[in-house]
Amino acid sequence: MFPISKIAKEINGVIIGDKECVVQGVCDIENGKEGHLTYIKDSNYVKFLSKTKASVIIVDKNVIVTNINKTFIKVKNPGLAFIEFLNII
């Protein structure tokens with residue numbers, strides 16, 4: 001299990017949402033799992049934000065997230081940040 005605060009620190013991200021969240025693993029955006037982390041690499045995947053069951057989503061720092069009951073980690077490069085997280089788990 002990985003505290004979101006540690007994840008955000010490792011990938012140089014800013015947490016938007018539950019700062020006490022704990023991540024159990026990773027999943028893809030379309031088949032998200034509660035307690036898991038995923039990412040969206042570009043705006044084509046924004047449509048999945050409100051539908052995914054993933055608890056934490058890594059997004060680009062410029063993505064506007066409103067009215068979505070999820071926790072986000074905003075970063076400069078979501079794809080690279082996701083790979084960095086995979087390297088520490």
Side-chain angles (χ1 to χ4, degrees):
M1 296 221 204
F2 306 92
I4 192 170
S5 57
K6 181 177 180 179
I7 297 168
K9 182 178 179 184
E10 291 291 327
I11 64 174
N12 296 316
V14 176
I15 301 168
I16 306 296
D18 182 3
K19 292 176 176 47
E20 302 299 318
C21 184
V22 176
V23 172
Q24 299 171 16
V26 298
C27 62
D28 65 65
I29 189 78
E30 294 179 59
N31 301 305
K33 296 178 185 176
E34 191 171 322
H36 285 65
L37 177 142
T38 190
Y39 79 105
I40 58 170
K41 64 179 178 178
D42 57 48
S43 60
N44 291 328
Y45 295 89
V46 170
K47 62 186 174 190
F48 294 109
L49 289 180
S50 62
K51 298 176 184 177
T52 188
K53 292 182 181 174
S55 298
V56 179
I57 306 163
I58 298 173
V59 297
D60 184 270
K61 64 182 180 179
N62 296 316
V63 169
I64 298 171
V65 289
T66 58
N67 299 324
I68 299 173
N69 192 23
K70 302 285 181 194
T71 298
F72 298 90
I73 302 176
K74 289 190 165 197
V75 297
K76 184 176 180 181
N77 183 329
L80 180 60
F82 188 73
I83 291 169
E84 288 173 351
F85 175 66
L86 291 176
N87 287 331
I88 62 172
I89 62 172

| task | Look up atom CD1 in Ile11 and atom OH in Tyr39, then write down how far apart they are to the nearest 0.5 Å. | result | 12.0 Å
| query | Under a 4.5 Å cut-off applied to non-hydrogen side-chain atoms, are Lys33 and Lys53 in contact? | reply | no
| field | Same apolar cluster: Val22 and Ile88, side chain cutoff 4.5 Å | value | no
| task | Under the ring-ring contact (aromatic ring centres under 6.0 Å, His included) rule, collect the residues that match up with Phe85, sequence neighbours excluded. | result | Phe2
| task | Over all heavy atoms of both residues, which pair between Asp60 and Lys74 is shortest? Give the atoms and the distance, please. | result | O-CG, 4.2 Å
| query | Is there a donor-acceptor pair closer than 3.5 Å between any side-chain N or O of Lys70 and the backbone N or O of Thr52? | reply | yes
| task | Compare every heavy atom of Ala54 with every heavy atom of Cys27, then report the nearest pair and how far apart it is. | result | SG-CB, 3.8 Å
| remark: Value for CD1 (Ile7) from OG1 (Thr71), rounded to nearest 0.5 Å, stands at 10.5 Å
| Ile73 to Gly13 - nearest heavy-atom pair and separation | CG2-CA, 3.7 Å
| Lys19 to Ile4 - nearest heavy-atom pair and separation | O-CG2, 3.5 Å
| note | Output for pair (Ile29 CD1, Lys41 NZ), nearest 0.5 Å, gives 12.5 Å
| said: Distance check, rounded to the nearest 0.5 Å: Glu20 atom CD versus Ile15 atom CD1? | reply: 8.5 Å
| task | List the steps, then state whether side chain to side chain contact (heavy atoms under 4.5 Å, CB included) holds for Phe72 with Leu49. | result | CA-CA 10 Å; Phe72 298 90; Leu49 289 180; 3.8 Å; yes
| query | Of all heavy-atom pairs between Gln24 and Met1, which one has the smallest distance, and what is that distance? | reply | CG-SD, 4.1 Å
| Shared hydrophobic cluster for Ile16 and Ile58 (ILVMFWY, side-chain gaps under 4.5 Å) | no
| task | Work out which heavy atom in Ala81 is nearest to a heavy atom in Val75; give both atom names and the distance. | result | CB-CG2, 3.8 Å
| Validation row: Val14, Lys61 side chains within 4.5 angstrom (heavy atoms) | no
| Can Leu37 be reached from Ile89 by stepping across I, L, V, M, F, W or Y side chains whose heavy atoms are under 4.5 Å apart? | yes
| query | Going through the distances and angles, do Phe82 and Val26 end up as a side chain to side chain contact (heavy atoms under 4.5 Å, CB included)? | reply | CA-CA 9 Å; Phe82 188 73; Val26 298; 3.9 Å; yes
| message | If the condition is side chain to side chain donor-acceptor pair (under 3.5 Å), which residues does Asn69 pass it with, not counting sequence neighbours? | response | none
| said: Using side chain to side chain contact (heavy atoms under 4.5 Å, CB included), reason through Lys76 and Asn12 one step at a time and then give a plain yes or no. | reply: CA-CA 8 Å; Lys76 184 176 180 181; Asn12 296 316; over 6 Å; no
